[in-house]
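Have a look at the structure below, then the notes.
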Amino acid sequence: MEGFARYELPTHHNGRIERLDRLTSDVIHFDVVLAEPMSFDAGQFVLLQIPGLEGMRAYSMVNYERRTRRLSLVVKRKPGGGFGDWLFERAAAADKIDVFGPLGSATFHPDEGHDLLMVAGGSGIAGMMSILERATNEGHFESHRGHVFFGVRTVDDCFYLDKFSRYVDRARGNLEVTIALSDAPPQGPVEGAHPDIRFATGLVHEVCGRDMQGRFSDRMMSYLAGPPPMVDGALRTLIGTGKVTPDRIRYDKFG
């Protein structure tokens, strides 16, 4: 896999929770403020650990900055997930958290000159948001195209729609965002509130395969993130249907 981190070796950082925002019934966005600045590449992740909970959990950054003390992250709560339960039920501002990173090779670098295809499910969208942030701020979509496919169950499970709309607006026609709803058809009010975002019904990799038919190219770098079945399905679509070569695919598979 291409694109290893160019700037900073992973190390431990002392952090604290500063902000907690529930985006849906089972998705929460939170900020971690570090004692010392960290640099990371768009698309990377960190490992988090809290006192009293064994092991570390991997989460991708939503934001993108160089030498920042703030990491923005998003977590989808899963049954029996200790870290998610802590965030939703007990976490509070100023709680201490151990951070190890940055890690990951599914990274974006504007100087590589690729069009972008991003396929994500659930909280896997986090790293894609970081990529969109860097690509937008550095004018990447002035000369390159981008396609984002974000899979959730229903309209009620959608989040970051306002952020997507801002990125689409700033890309001036060179960025398409499609929300794939696996369990329900789109609803009029949501579509009306976000006319610049497309809504489709189906599993996200299937929606991607249908929409991108005839539009895959060797100028494109594909990024995948989400639950293992989603990533596996997207790989089959890209390699089988799109004839995308493995060196043009970067991904993190979260269990």
Problem - Transitive ILVMFWY side-chain link V148 to L203, under 4.5 Å - result: no
Problem - Over 12 foreign heavy atoms within 6.0 Å of CG, N137 - result: yes
Practice task
Determine whether F216 and I239 fall in the same hydrophobic cluster, where Ile, Leu, Val, Met, Phe, Trp and Tyr are linked whenever their side-chain heavy atoms lie under 4.5 Å apart.
Solution key: yes
Practice task
Using the test salt bridge (charged side-chain N to carboxylate O under 4.0 Å, His left out), find all partners of R19 that sit at least two apart in sequence or belong to another chain.
Solution key: D21, D31
Exercise for the section: Following the transitive rule for hydrophobic clusters with a side-chain heavy-atom cut-off under 4.5 Å over Ile, Leu, Val, Met, Phe, Trp and Tyr, establish whether L181 and L161 coincide in one cluster. Expected result: yes
Problem - S130 (side chain) donor-acceptor with N63 (main chain) under 3.5 angstrom - result: yes
Problem - Considering all heavy atoms, the nearest A200-T178 contact - result: CB-CG2, 4.2 Å
Handout entry: Side chain R134, main chain Y64, donor-acceptor under 3.5 Å
Key = no
Handout entry: Closest non-hydrogen atom pair, A106 against I131
Key = O-CD1, 4.3 Å
Exercise for the section: Go through R67 and E8 one step at a time and tell me if the salt bridge (charged side-chain N to carboxylate O under 4.0 Å, His left out) criterion holds. Expected result: CA-CA 10 Å; R67 300 296 296 168; E8 186 161 315; 3.8 Å; yes
Handout entry: Check: D162 and F164 side chains under 4.5 Å, non-hydrogen atoms
Key = no
Practice task
Count the heavy atoms belonging to other residues, nucleotides or ligands that lie under 6.0 Å from CZ of R172, then report whether that count exceeds 12.
Solution key: no
Handout entry: For the student: nearest non-hydrogen atoms of G84 and V75, plus distance
Key = CA-CG1, 4.4 Å
Problem - Pairing residues for T245 by the side chain to side chain contact (heavy atoms under 4.5 Å, CB included) criterion, not counting sequence neighbours - result: D247, R248
Exercise for the section: To the nearest 0.5 angstrom, please state how far the CD atom of E206 sits from the CZ atom of F149. Expected result: 13.0 Å
Handout entry: Counterpart residues, side chain to side chain donor-acceptor pair (under 3.5 Å), relative to S165 (two or more places apart)
Key = H194, D196
Problem - Validation row: F150, M128 side chains within 4.5 angstrom (heavy atoms) - result: no
Practice task
Name all residues meeting the side chain to side chain donor-acceptor pair (under 3.5 Å) criterion together with D98; count only those two or more places apart in sequence or in a different chain, and write none if there are none.
Solution key: H12
What pairs of donor and acceptor atoms, side-chain ones from residues 140-147 against any protein atom, are under 3.5 angstrom apart with sequence neighbours left out?
unit_1 : atom_1 : unit_2 : atom_2 : d
H140   : NE2    : H114   : O      : 2.7
H144   : ND1    : H140   : O      : 3.2
H144   : NE2    : G113   : O      : 3.2
R145   : NH1    : G173   : O      : 3.2
R145   : NH1    : N174   : OD1    : 3.1
R145   : NH2    : E176   : OE2    : 3.3
H147   : ND1    : E176   : OE1    : 3.3

Problem - Heavy-atom pair with the smallest gap, counting every atom of F159 and D157 - result: CD2-O, 3.3 Å
Exercise for the section: Write down the atom of T24, the atom of D156, and the distance for their closest heavy-atom approach. Expected result: CG2-O, 3.7 Å
Problem - D26: partners by salt bridge (charged side-chain N to carboxylate O under 4.0 Å, His left out), with sequence neighbours left out - result: K76, R153
Problem - Which residues share a salt bridge (charged side-chain N to carboxylate O under 4.0 Å, His left out) with E18, sequence neighbours left out - result: R16, R70
Completion exercise
All heavy atoms of C208 vs all of V119, minimum pair found to be SG-CG2, 3.9 Å
Practice task
Please list all pairs passing the salt bridge (Lys or Arg N to Asp or Glu O under 4.0 Å) test where one or both residues lie in residues 80-89, with sequence neighbours left out.
Solution key: R77-D85, R77-E89
Problem - Listed once per pair and sorted, the ring pair (Phe, Tyr, Trp, His ring centres under 6.0 Å) pairs that draw on residues 74-93, sequence neighbours left out - result: Y59-F83, F83-W86
What pairs of donor and acceptor atoms, side-chain ones from residues 218-230 against any protein atom, are under 3.5 angstrom apart with sequence neighbours left out?
unit_1 : atom_1 : unit_2 : atom_2 : d
R219   : NH1    : D115   : OD2    : 3.0
Y223   : OH     : T107   : O      : 2.9
Y223   : OH     : R250   : NH1    : 3.3

Handout entry: Residues D211, R198: salt bridge by 4.0 Å N-O rule
Key = yes
Completion exercise
Hits for side chain to side chain donor-acceptor pair (under 3.5 Å) against Q49, two or more places apart or cross-chain, chain-then-number order -> none
Handout entry: Any I179 side-chain heavy atom under 4.5 Å of I197 side chain
Key = yes
Handout entry: C158 vs V152 side-chain heavy atoms within contact, under 4.5 Å
Key = yes
Handout entry: Verify same cluster id: V46, V32 (apolar side-chain graph, 4.5 Å)
Key = yes
Practice task
Answer yes if L87 and I50 sit in the same cluster of Ile, Leu, Val, Met, Phe, Trp and Tyr residues linked by side chain heavy atoms under 4.5 Å apart, and no otherwise.
Solution key: yes
Handout entry: Minimum side-chain heavy-atom gap L103-F40 below 4.5 Å
Key = no
